[in-house]
Amino acid sequence: MKKFHNEPYSEETLVKLGIFRDYLRSWLPVFINTGKTYWHKINIVDFFAGQGCDVNGVSGSSLIIFEELQPYLKLIKQKGISVNIILNEKEKELFDLLEDNITKYRNHESYFVKTENKDFHETFVNHYYELSNLNSANLVFLDQFGIKQIDSKTFEMLIKLKRTDFLFFISSSIVNRFIEKESINKHLQIDKDEIDKLSYNYIHKIVYDYYKKQIKNENYFLAPFSIKKTSNIYGLIFGSNHPLGMEKFLNTAWKYDKQRGEANFDIDSEKLHNDQLDLFTGEINKSKKVELYEDELVKRILNGEISTNKDVYLFTLNEGFIPKHSRKVLKDLHKQKKIDNLHLHLSHKCCLPNSALEKIILL
């Protein structure tokens, strides 16, 4: 095993950890900083915790969990919320370093910490019943080495968990190089011809599409984010059974990629720059992805396929966009006198069972 603890975190690792931190920061208030407590148990699980930080002391995922919990410690105690932090690291050398690095966070009355030195599948199965508790909210981070841990069976178990958001990291470049080898293909049954048809930049999208096809529940949300280091492409895949979780992840993704919300590099090779103005229109240049999205949303609104605020909101999330993109489209249609009502509410609240839907009025 490569001795990662002797090195500073690489650029792509810092991107991955930044996304995890930002998402955790937006996730915690949903379950802690609310007027009424609906879920009295919160589980935050890092199944591949590593040593906790790099050689320079930069926080890894496990330390990030503790750091992001700090503003809520008093509130957690006041509300009587049970917060469980589960950290697993299979490699004994890294596990021992992890134990040392979390010492100052170990004993606190606002949360319980459990560390384990086990194989991923063993600890995942052991904690699955706990994560399945209907009174629990879960955030699961799976920073695996390679691809083999999140196979079809594990993925199916993950998406069955209620009130659970997950982020898992996968080396998509390995899929590209070795998909025809049995050791890889038995975990991901992706057709080599499908890979060969597309640019290498899109390899993580192919991996994402593979997992997306495993989902039978049309109300489940999945999103990818590609990360490139030199010639290698890695990626995060996010999953949630709640639209608010999806919206929060996409907000994070668009923070890191203002042009497409899906990569830390120019995935479409368009050479666009943030806030660069078009010489002819004076407007900020848009990626082809944004243009295609806007055109498709307009078409579906005008032909009546999308007719309510809920329709717009869910279409937005499923296409990998955030509400501000759709609000711009609605604003433009209003200016063109093609729709009457401009101020449609686009948030997860429109998906609540008793929410009154707002109709789009065509002119």
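Scope of the values below: all heavy atoms of this structure, side chains included, with no hydrogens, waters or symmetry mates. In this chain, numbering begins with 1 at the start of the sequence shown.
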- [ ] Check salt bridge (Lys or Arg N to Asp or Glu O under 4.0 Å) between Glu294 and all other residues, then give those that pass, not counting sequence neighbours.
- [x] Lys286
Open item on the list: Could you go through Glu99 and Thr115, starting from their C-alpha distance and side-chain angles, then the distance that decides it, and tell me whether this counts as side chain to side chain donor-acceptor pair (under 3.5 Å)?
Closed with: CA-CA 8 Å; Glu99 291 277 58; Thr115 54; 3.2 Å; yes
Open item on the list: Whether Lys118 engages the ring of Phe95 as a cation-pi pair (distance to the six-membered ring centre under 6.0 angstrom, angle to the ring normal within 45°) should be assessed.
Closed with: no
Task: Donor + acceptor pair across side chains of Ser152, Tyr210 (<3.5 Å) - done: yes
Task: Phe238 and its ring-ring contact (aromatic ring centres under 6.0 Å, His included) partner, picked from Phe249, Tyr211, Phe20, Phe141 - done: Phe249
TODO: Show your reasoning for whether salt bridge (charged side-chain N to carboxylate O under 4.0 Å, His left out) applies to Lys160 and Glu156.
DONE: CA-CA 6 Å; Lys160 283 182 177 179; Glu156 183 180 356; 3.3 Å; yes
TODO: Give a yes-or-no answer on whether the side chains of Tyr293 and Ser326 include a donor-acceptor pair shorter than 3.5 Å.
DONE: yes
TODO: Enter the distance from Leu317:CG to Met246:CE here, rounded to the nearest 0.5 Å.
DONE: 6.0 Å
- [ ] Ignoring hydrogens and angles, state whether a donor on the side chain of Arg25 or Thr252 is under 3.5 Å from an acceptor on the partner side chain.
- [x] no
Task: Residues His325 and Glu319: side-chain donor-acceptor under 3.5 angstrom - done: no
Task: Residue pair Asp100 / Thr103, side-chain donor-acceptor N/O under 3.5 Å - done: no
Open item on the list: Just to verify, what does Lys359 make a salt bridge (Lys or Arg N to Asp or Glu O under 4.0 Å) with, not counting sequence neighbours?
Closed with: none
- [ ] Not counting sequence neighbours, which residues clear side-chain contact (heavy atoms from CB on, under 4.5 Å) with Glu218? List them please.
- [x] none
TODO: Apply side chain to side chain donor-acceptor pair (under 3.5 Å) to Ser61 and list each qualifying residue two or more places apart in sequence or on a separate chain.
DONE: Asp46
Distance-only check: which donor-acceptor pairs under 3.5 Å involve side-chain atoms of residues 162-169, not counting sequence neighbours?
residue: Arg163; atom: NE; partner: Leu134; partner atom: O; Å: 3.4
residue: Arg163; atom: NE; partner: Ser136; partner atom: O; Å: 3.4
residue: Arg163; atom: NH2; partner: Leu134; partner atom: O; Å: 2.1
residue: Thr164; atom: OG1; partner: Asn138; partner atom: ND2; Å: 2.8
residue: Thr164; atom: OG1; partner: Lys162; partner atom: O; Å: 2.8
residue: Asp165; atom: OD1; partner: Ser240; partner atom: OG; Å: 2.6
residue: Asp165; atom: OD2; partner: Tyr23; partner atom: OH; Å: 2.4
residue: Asp165; atom: OD2; partner: Trp27; partner atom: NE1; Å: 3.4

Side-chain donor-acceptor contacts of residues 346-357 below 3.5 Å, not counting sequence neighbours, with atom names and distances?
residue: Ser347; atom: OG; partner: Lys349; partner atom: N; Å: 3.2
residue: Ser355; atom: OG; partner: Lys349; partner atom: O; Å: 3.2

- [ ] Measure the spacing between CZ of Phe225 and NZ of Lys205 and express it to the nearest 0.5 Å.
- [x] 12.0 Å
Task: Audit row: Lys248, Asp22, salt bridge (charged side-chain N to carboxylate O under 4.0 Å, His left out) steps and yes/no - done: CA-CA 9 Å; Lys248 287 185 175 296; Asp22 285 353; over 6 Å; no
